[in-house]
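Keep in mind that what you see is a predicted model, and the values were worked out from it rather than measured. In this chain, numbering begins with 1 at the start of the sequence shown. As a basis for the values below, the full set of heavy atoms in this structure was taken, side chains included, without hydrogen atoms, waters or symmetry mates.
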Amino acid sequence: MTSIEAKSATDSELDAVFGPIFERIAQGAVAREIDRRLPFEEVGWLRAAKFGALRVPVEFGGYGVSVRQLFRLLIELAAAESNLPQALRVHFSFVEDHLLAEPGPGREQWLRTATSTLVGNAITEPGVGAVDRYRTRLARDGDRWLLNGVKYYSTGSLYADYILVAADRDGERVGVLVDANADGVRQHDDWDGFGQRLTASGTTEFTDVVVADDRILGPGYGAPGPTYATSYLQLVQLAVLAGIAQRAELDAREWVAGRTRSYSHSAAGIPRQDPLVQQVIGRLSAAAFAAKASVLAVADVLDEVLASGAQDEKSLVAAELAAAQAQLAVIDLVLPATTLLFEVGGASVVSERQRLDRHWRNARTISVHNPAIQKARAIGDYLLNGTDLPFAWSAGEHKPATGAAQ
């Protein structure tokens with residue numbers, strides 16, 4: 001039989017490799033949440049198993065899987081620990097960028113590097129709108145480049161070997177790749193959200209960080225025009241939501257299965273025989289199924305877009321629209337489900353030891369990234385008026401929209 005390294009991995013082969021790792025990660029999820037312990041060890045397990053190389057071609061040391069296969073595993077990882085797919089999402093888009101790049105030594109180098117290392121991000125800045133220049137600057141200093149600036153929401157960078165930084169170089173947006181432990185890089189675990197607390201989405205400071213020419217990777221995030229990246233990055237967040245729904249349903253089932261006490265006015269002597277409790281479990285199961293199906297449907301669209309080189313504008317718009325529509329659908333499925341789960345029991349279901357509230361807190365936190373209310377309006381404006389979909393997201397000073405149909 002051909003080994004897993006010699007051909008693109010099948011789903012069963014991937015499950016054999018990563019299933020046990022996901023189970024180990026899930027076993028510590030509640031304790032990590034209670035202690036607010038960042039999962040450095042767990043990220044190490046994923047790095048050692050080459051989870052970051054899922055999309056890297058086999059000839060470069062990866063698994064060579066499809067986009068659909070990747071997102072199926074991201075859902076499973078999110079069910080084990082919802083913080084981790086979000087922490088890794090820029091790593092996977094970094095790999096996709098290099099898969100789409102022209103063949104050459106640089107492309108091969110970074111694809112091979114992705115088999116054993118992880119890439120984080122430092123993109124967002126306070127007060128910077130979609131058309132403003134980044135305050136983080138890359139400037140020439142003799143025969144070298146120096147990077148200076150402050151970034152917020154540097155999701156996953158504390159777990160990363162490299163950090164992809166969005167910077168301004170004389171008015172041009174560029175992506176800059178720096179070593180996470182380089183001189184002048186200082187990271188802070190100061191993310192204070194009530195959910196997704198372990199994503200390491202903190203502040204990163206860059207002070208006179210030396211950048212080599214080959215670490216300047218071209219146009220940075222927010223460059224004008226359609227791109228696969230926004231739908232892809234959004235889909236990672238939706239995979240997180242689908243995984244949360246899956247874990248919420250499983251946790252509710254396990255809680256009910258162990259219960260022997262019921263109510264005097266219940267329809268059954270034990271909760272698992274109560275038709276109302278059964279109905280709740282059924283609805284949770286349906287929400288998890290539909291959320292996963294939505295994510296994988298968009299992954300199929302992205303598979304086609306990326307396989308064709310991600311250059312056709314019509315296809316890019318179709319992928320963006322699909323991801324936007326799925327965002328609204330998945331949020332509307334998962335948020336109610338993470339509240340409904342508490343209907344399976346009385347006061348004991350809200351015990352701090354269970355931390356079942358983490359599912360709602362995590363889902364609510366993911367759902368406000370690129371707010372759904374703004375996305376719904378953008379979809380409607382596109383469908384009614386032909387107004388361009390937004391292919392870049394940022395928060396800051398409002399700038400008038402352009403590109404609307406007259």
More than 12 foreign heavy atoms under 6.0 Å from [atom1] of [X]: is that the case here?
X	atom1	result
F60	CZ	yes
E304	CD	no
I373	CD1	no
F289	CZ	no
R36	CZ	yes

Indicate yes or no: does R37 engage E42 in a salt bridge with an N to O separation below 4.0 Å.
yes

With side-chain contact (heavy atoms from CB on, under 4.5 Å) as the test, pick out the partner of L177 among T113, I163, V119.
V119

Quick one: side chain to side chain donor-acceptor pair (under 3.5 Å) pairs with a partner in residues 277-294, sequence neighbours left out?
none

Between the side chains of [X] and [Y], is a donor N or O closer than 3.5 angstrom to an acceptor N or O?
X	Y	result
Q246	E76	yes
T387	D381	yes
T136	E125	yes

Plane angle bin for F92 and F51 - parallel if under 30°, tilted between 30 and 60°, otherwise perpendicular:
perpendicular

Should D251 and Q354 be marked as a side chain to side chain contact (heavy atoms under 4.5 Å, CB included) after you check the CA-CA gap, both sets of side-chain angles, and the distance that decides it?
CA-CA 9 Å; D251 283 352; Q354 304 288 338; over 6 Å; no

With E343, which residues qualify under side-chain contact (heavy atoms from CB on, under 4.5 Å), at least two apart?
V280, L340

I'd like to check [X] versus [Y] (side-chain heavy atoms, cut-off strictly below 4.5 Å). Are they in contact?
X	Y	result
R55	V67	yes
Y232	F71	yes
L235	V295	yes

N/O donor-acceptor pair under 3.5 Å between [X] side chain and [Y] backbone:
X	Y	result
N362	G195	no
S93	V90	yes
R197	E33	yes
R137	N148	no
H369	Q237	no
R47	Y159	yes
S8	G64	yes
D208	L146	no
T155	S201	no
N370	K375	no

Give the minimum heavy-atom separation between [X] and [Y], together with the two atoms involved.
X	Y	value
P226	E313	CG-CG, 3.7 Å
L328	A372	CD2-O, 3.4 Å
Q196	W191	O-NE1, 2.9 Å
V349	V344	CG2-CG2, 4.4 Å

Check step by step if side chain to side chain contact (heavy atoms under 4.5 Å, CB included) holds for T339 and R364.
CA-CA 11 Å; T339 298; R364 179 70 275 181; over 6 Å; no

The salt bridge (Lys or Arg N to Asp or Glu O under 4.0 Å) partner of D213 among R169, R144, R140 is R140

What verdict does the salt bridge (charged side-chain N to carboxylate O under 4.0 Å, His left out) test give for R72 and D15, after you've listed the backbone C-alpha separation in whole Å, the side-chain angles of each residue and the deciding distance to 0.1 Å?
CA-CA 10 Å; R72 185 182 71 84; D15 289 341; 3.0 Å; yes

Between W145 and R215, is there a cation-pi geometry (under 6.0 Å to ring centre, at most 45° from the normal)?
no

Could you tell me if K151 sits above the aromatic ring of F206, with its cationic atom closer than 6.0 Å to the ring centre and no more than 45 degrees from the axis?
no

May I have the step-by-step check of side chain to side chain contact (heavy atoms under 4.5 Å, CB included) for L335 and W360, ending in yes or no?
CA-CA 6 Å; L335 280 181; W360 181 87; 4.2 Å; yes

Let me have the donor-acceptor pairs involving side chains of residues 181-188, under 3.5 Å, with sequence neighbours excluded, atom names and distances please.
residue : atom : partner : partner atom : Å
Q187    : OE1  : L158    : N            : 3.2
H188    : NE2  : E205    : OE2          : 2.5

Would you check, one step at a time, whether the test side chain to side chain contact (heavy atoms under 4.5 Å, CB included) holds for L54 with F18?
CA-CA 11 Å; L54 283 168; F18 295 108; 3.7 Å; yes

